[in-house]
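Along the sequence shown, residues carry numbers from 1. Bear in mind the structure is a predicted one, so any value in this text is a computation, not a measurement. Basis for what follows: all heavy atoms, side chains included, without hydrogens, waters or symmetry-related copies.
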Amino acid sequence: RKSFIILDNLNNNIYELDLKRNILKVLIGSGRDGKGFTRNPSSIIDYENKFILFDTDNYFIQFYDSNFNWINQIGGKGNSLDSLDMALSGTLNGNNLLISDSNNDRIKIFDIKESICNIFISSKYKKGILKRPLKIVENINGDLYVADRDNNCIQIFDSNFNYKFSLSLNGKRSSFRPSALGLINYK
């Protein structure tokens with residue numbers, strides 16, 4: 001079908017629209033406690049004919065089938081290994097979902113197939129350590145780029161999660177506060 005999905009964080013709904021921008025239906029409605037409802041949907045990822053929703057204000061990441069039927073969720077408010085606090089976005093790395101768990105100052109790795117969660121990077125600034133990571137993307141070589149808001153830089157890691165280097169504007173970390181990023185792969 002030819003349609004697209006809109007995440008509406010004002011009304012806390014997720015809509016399917018046709019190409020003429022008409023709402024076809026509400027796919028996920030507003031509500032607390034997750035389980036098929038959302039508050040402040042911030043990102044969605046297509047994975048193996050399923051959808052992964054970052055449900056920021058419910059502190060969950062929810063999983064849906066291709067028809068947007070709820071399957072399960074991970075997270076819940078807190079700072080334990082299984083908890084989240086302001087998970088705005090993530091990216092896929094094979095079967096691993098890399099999660100920007102912003103208010104916990106960490107990137108988490110969730111193995112989708114095994115349902116196992118680990119911490120990739122966390123805590124105070126030094127090279128390779130994050131503070132308020134807001135967005136993570138992967139380039140065609142497998143390098144990971146993290147918008148590290150409170151450290152005023154983009155930190156780059158290799159595909160094995162080893163720190164490579166940081167980027168800032170004009171070499172001045174204090175004049176740069178990245179909130180998101182995207183990569184353009186030129187041919």
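The only option from I136, I154, T91 that meets the side chain to side chain contact (heavy atoms under 4.5 Å, CB included) definition with Y145 turns out to be I154. Exactly one of N13, N11, I14 qualifies for a side chain to side chain contact (heavy atoms under 4.5 Å, CB included) with S30. That residue is N13. Tested against R39, the residues N58, D55, D57, T56 include a single side chain to side chain donor-acceptor pair (under 3.5 Å) partner, N58.
The closest side-chain heavy-atom distance from S102 to D85 is not below 4.5 Å. The closest side-chain heavy-atom distance from I156 to N139 is not below 4.5 Å. Residues L97 and F54 form a side-chain contact, since some pair of their non-hydrogen atoms from C-beta on lies under 4.5 Å apart. Proximity of Q155 to Y163: side-chain heavy atoms (C-beta onward) are separated by under 4.5 Å at one or more points. Between N12 and N40 there is a side-chain heavy-atom pair separated by less than 4.5 Å. Using a 4.5 Å cut-off on side-chain heavy atoms (C-beta onward), I109 and F161 make contact.
Using modelled atom types, no side-chain atom of E16 and backbone atom of K25 make a donor-acceptor pair closer than 3.5 Å. A side-chain donor-acceptor contact under 3.5 Å links K108 to the backbone of L81.
Residues L84 and W70 do not share a hydrophobic cluster, defined by chaining ILVMFWY side chains whose heavy atoms lie under 4.5 Å apart. Residues I23 and I6 fall within the same hydrophobic cluster, defined by Ile, Leu, Val, Met, Phe, Trp and Tyr side chains chained together at heavy-atom separations under 4.5 Å. When hydrophobic clusters are built by joining Ile, Leu, Val, Met, Phe, Trp and Tyr residues whose side-chain heavy atoms come closer than 4.5 Å, directly or via intermediates, V146 is grouped together with L98. Residues I52 and I74 share a single hydrophobic cluster, defined by chaining ILVMFWY side chains whose heavy atoms lie under 4.5 Å apart. I28 and L7 fall within the same hydrophobic cluster, defined by Ile, Leu, Val, Met, Phe, Trp and Tyr side-chain heavy atoms under 4.5 Å apart, directly or through other members.
Interatomic distance, N9 CG to S42 OG, rounded to the nearest 0.5 Å: 8.5 Å. In this structure, the separation between OG on S159 and CG on N141 is 9.0 Å, given to the nearest 0.5 Å. The CG atom of L144 sits 9.5 Å away from atom CG of N160, with the distance rounded to the nearest 0.5 Å. Note that OG of S168 is 8.5 Å distant from CG of N152, once rounded to the nearest 0.5 Å. The distance from the CG atom of N95 to the CZ atom of F110 is 11.0 Å, given to the nearest 0.5 Å. Between the CG atom of L53 and the CG atom of L27 there is a distance of 10.5 Å, given to the nearest 0.5 Å.
Within a 6.0 Å radius of NZ in K77, more than 12 heavy atoms belonging to other residues, nucleotides or ligands are found. Heavy atoms of other residues, nucleotides or ligands lying less than 6.0 angstrom from CZ of F37 number 12 at most.
Shortest non-hydrogen contact noted between L24 and S3 is CD1-CB, 4.1 Å. Counting all heavy atoms, side chain and backbone alike, I107 lies closest to P133 at CD1-CB, 3.8 Å. Across all non-hydrogen atoms, the minimal contact from D18 to F4 is O-CE2, 3.3 Å. Residues N79 and N104 approach most closely at CB-OD1, 3.2 Å, considering heavy atoms. Heavy atoms only, all atoms of each residue included: I71 and Y64 are closest at CD1-C, 3.5 Å. Pairing each heavy atom of N118 with each of I116, the nearest pair is ND2-CG2, 3.9 Å.
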Query raised in the report: Where do K164 and D158 land on the salt bridge (Lys or Arg N to Asp or Glu O under 4.0 Å) test, with the steps shown first?
Result: CA-CA 6 Å; K164 288 179 78 174; D158 68 19; over 6 Å; no

Requested in this report: Run the numbers on D148 and R132 for salt bridge (Lys or Arg N to Asp or Glu O under 4.0 Å), then give the verdict.
Outcome: CA-CA 6 Å; D148 189 357; R132 298 297 187 259; over 6 Å; no

Report task. Test L134 against S100 for side chain to side chain contact (heavy atoms under 4.5 Å, CB included), laying out the working first. Result -> CA-CA 6 Å; L134 295 182; S100 293; 5.9 Å; no

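Relative orientation of the F51 and F68 rings is parallel, given thresholds of 30° and 60° on the angle between their planes.
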